[in-house]
Amino acid sequence: MPTPIPFPEALQRAAADLFSKADLAGDGIALVIDPLIDGISGAQSTSTRSMQQSLAEIVSKSYPRFQLQPFTTETLAREPVVLVGTFTAVNNAGDAKGVRDAYRICLTLADLKSKRVVSKGVARARTEGVDVTPTTYYRDAPMWTKDPATEAYIKVCQGTRLGEPIDPVYLERLNAAALINDGILEYEARRYREALAFYRTARSLPGGDQHRVRVGAYLAASKLGRNEDAVDAFGDLVDGGLASNQLMVKLLFQPGTTQFIANPQITEPYPMWLSQIATRARQKGACIEIVGHTSRTGTQNLNERLSVLRAQYVMELLQAGAPDSRSRMIATGKGFNENLIGTGKDDASDALDRRVEFKVIGC
């Protein structure tokens with residue numbers, strides 16, 4: 001098995017492989033970085049942001065034939081080389097159900113001129129000193145779903161070999177991704193009107209109807225106090241999730257209980273969320289399985305029981321607002337068997353592991 005090394009050294013090793021072995025001729029090669037993400041959740045974190053900054057410094061200092069450019073639609077029109085990267089928690093021994101005790105760094109260069117992957121760099125890092133807390137936009141996002149754009153990004157990084165074509169889904173969505181990134185940065189700078197404008201523009205582009213755009217529209221409308229727009233945007237999120245059978249909502253509970261956390265700023269929108277889920281499911285005539293999940297803290301039996309109790313609690317809240325839906329809902333729990341993050345930190349970094357999932361099932 002690979003031996004994890006300290007995070008800064010691992011990033012240096014992956015970067016050295018990536019840039020020194022790039023199958024590209026000449027100097028003055030335009031390079032853009034499509035922001036690095038978590039390889040499972042698709043979120044950006046404190047660590048992926050610091051990796052991006054470190055990579056920019058490495059390029060400037062050690063690989064002058066690459067000229068770093070901003071990640072914009074204007075730059076993309078000139079067909080630069082794009083760097084994509086994932087940072088993924090893994091069990092170093094390869095046990096899929098084991099504690100994720102290392103991080104796998106994967107870096108890839110994709111040449112937009114040749115439409116091919118031209119270099120790869122990988123390394124494995126220790127967990128010490130790594131902060132995988134999601135950035136503000138991803139922390140505030142109310143739900144998570146598998147999105148074709150994010151899946152294509154991960155595929156380009158992890159699922160392609162040197163010389164292979166770039167995934168066409170990734171290419172189709174690249175211009176929209178640049179605008180979405182602008183929207184995320186504006187949102188995190190608290191410029192919510194500007195953020196909303198970027199999301200609306202992105203959605204009008206080919207490949208722009210993405211989960212991140214829907215999330216951004218909801219978050220920006222909420223921050224601007226546009227309550228009706230926020231309700232509509234959340235309903236749009238629910239419709240997208242029900243259509244893809246991937247509606248995973250971040251309802252945060254107090255540790256070891258079935259009560260939501262005692263933070264009104266976080267829980268205030270929960271009644272609206274649950275109302276929209278019940279309403280949209282009823283409109284579609286959908287039967288719903290409500291699945292509780294927990295993070296990896298405590299025994300397996302305790303967590304399986306707790307996850308069921310949490311799902312039942314959420315089901316009761318849904319049915320209180322929609323009594324006619326009782327025959328169309330069931331509650332189950334998975335404990336920590338389907339963790340997305342799996343680090344067991346029980347904090348903001350693995351909030352997705354404590355999600356409630358709504359699955360469309362046969363009636």
Side-chain angles (χ1 to χ4, degrees), residues 40-42 96-97 141-147 151 211 214-215 218 231 233-261 266-342 344 346 350-363:
I40 298 173
S41 69
K97 294 186 177 182
M143 68 174 67
W144 178 86
T145 188
K146 288 185 177 178
D147 179 68
E151 295 287 294
H211 178 69
R214 296 191 187 99
V215 167
Y218 166 73
V231 171
F234 191 84
D236 189 31
L237 271 169
V238 173
D239 286 343
L242 291 175
S244 64
N245 198 26
Q246 287 287 342
L247 183 58
M248 303 184 188
V249 183
K250 288 192 286 187
L251 298 168
L252 301 185
F253 293 86
Q254 296 178 38
T257 76
T258 59
Q259 298 300 308
F260 294 135
I261 62 171
I266 292 176
T267 59
E268 182 183 5
Y270 286 9
M272 182 274 282
W273 294 0
L274 294 173
S275 174
Q276 283 294 304
I277 291 168
T279 299
R280 303 278 173 150
R282 184 173 65 250
Q283 289 173 348
K284 294 181 182 300
C287 290
I288 301 294
E289 178 184 6
I290 302 159
V291 187
H293 298 266
T294 66
S295 54
R296 189 180 286 272
T297 303
T299 66
Q300 183 168 349
N301 288 341
L302 177 65
N303 277 284
E304 287 179 357
R305 181 174 181 274
L306 180 61
S307 65
V308 173
L309 291 174
R310 287 175 172 174
Q312 288 176 339
Y313 175 67
V314 170
M315 182 173 70
E316 289 166 4
L317 292 176
L318 287 170
Q319 292 174 346
D324 60 336
S325 66
R326 292 182 185 277
S327 63
R328 294 187 288 107
M329 295 182 184
I330 61 171
T332 62
K334 298 291 185 181
F336 53 64
N337 293 316
E338 294 182 2
N339 277 179
L340 293 172
I341 309 302
D346 223 12
D350 61 350
L352 274 178
D353 289 341
R354 300 184 297 282
R355 68 196 182 276
V356 177
E357 194 171 347
F358 300 85
K359 292 184 176 181
V360 178
I361 57 174
C363 293

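The structure displayed is predicted, hence computed values, not measured ones. For the single chain, residues carry numbers from 1 onward in sequence order.
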Does Pro269 have any side chain to side chain contact (heavy atoms under 4.5 Å, CB included) partners at least two apart in sequence or in another chain, and if so, which?
-> Tyr218, Trp273

Gln254 (side chain) donor-acceptor with Phe260 (main chain) under 3.5 angstrom = yes

Candidate pair Leu251 and Leu274, rule side-chain contact (heavy atoms from CB on, under 4.5 Å), full reasoning = CA-CA 10 Å; Leu251 298 168; Leu274 294 173; 4.3 Å; yes

Mind jotting down which residue pairs meet the side-chain hydrogen bond (donor to acceptor under 3.5 Å, both in side chains) criterion with at least one end in residues 311-324? Sequence neighbours excluded, please.
-> Gln319-Arg326

Could you check Lys284 against Leu242 for side-chain contact (heavy atoms from CB on, under 4.5 Å), going step by step and ending with a plain yes or no?
-> CA-CA 9 Å; Lys284 294 181 182 300; Leu242 291 175; 4.0 Å; yes

Work out which heavy atom in Pro142 is nearest to a heavy atom in Leu237; give both atom names and the distance.
-> CG-CD1, 4.1 Å

Please list all pairs passing the disulfide (SG to SG under 2.5 Å) test where one or both residues lie in residues 298-331, with sequence neighbours left out.
-> none

Sequence neighbours excluded, which residues qualify as side-chain hydrogen bond (donor to acceptor under 3.5 Å, both in side chains) partners of Thr332?
-> Glu289

Partners of Arg328 by side-chain hydrogen bond (donor to acceptor under 3.5 Å, both in side chains), sequence neighbours excluded?
-> none

Without swapping roles, check the side chain of Lys334 against the backbone of Val291 for a donor-acceptor pair under 3.5 Å.
-> no

With sequence neighbours left out, which residue pairs that include part of residues 274-305 fulfil the ring-ring contact (aromatic ring centres under 6.0 Å, His included) condition?
-> none

Could you pull out all residues at least two apart from Asp236 that satisfy salt bridge (Lys or Arg N to Asp or Glu O under 4.0 Å)?
-> Arg203, Arg214

Just by modelled atom types, is the Val249 backbone N or O under 3.5 Å from a matching donor or acceptor in the Trp144 side chain?
-> no

For Arg296, check salt bridge (Lys or Arg N to Asp or Glu O under 4.0 Å) against everything at least two apart and list the hits.
-> none

Main-chain N/O of Gly240 paired to Ser244 side chain as donor or acceptor, under 3.5 Å = yes

Pairs meeting criterion disulfide (SG to SG under 2.5 Å) with involvement of residues 275-327, two or more places apart | Cys287-Cys363

Between Asn245 and Val360, is there a donor-acceptor pair closer than 3.5 Å when you use the side chain of the first and the backbone of the second?
-> yes

Mind jotting down which residue pairs meet the disulfide (SG to SG under 2.5 Å) criterion with at least one end in residues 293-327? Sequence neighbours excluded, please.
-> none

Passes side-chain contact (heavy atoms from CB on, under 4.5 Å), Met143 versus Met248? Steps please.
-> CA-CA 5 Å; Met143 68 174 67; Met248 303 184 188; 5.7 Å; no

Determine yes or no for a side-chain-to-main-chain donor-acceptor pair under 3.5 angstrom, with Thr145 supplying the side chain and Asp147 the backbone.
-> no

Test side-chain hydrogen bond (donor to acceptor under 3.5 Å, both in side chains) applied to Asp239 - qualifying residues, sequence neighbours left out | Arg280

Verify side-chain contact (heavy atoms from CB on, under 4.5 Å) between Phe358 and Val314, making sure each step is shown before the conclusion.
-> CA-CA 10 Å; Phe358 300 85; Val314 170; 3.9 Å; yes

Should we count CZ of Arg305 as having more than 12 external heavy atoms under 6.0 Å?
-> no

Which residues satisfy the side chain to side chain contact (heavy atoms under 4.5 Å, CB included) test with Thr294, sequence neighbours excluded?
-> Asn303, Leu306, Ser307, Arg310, Phe336

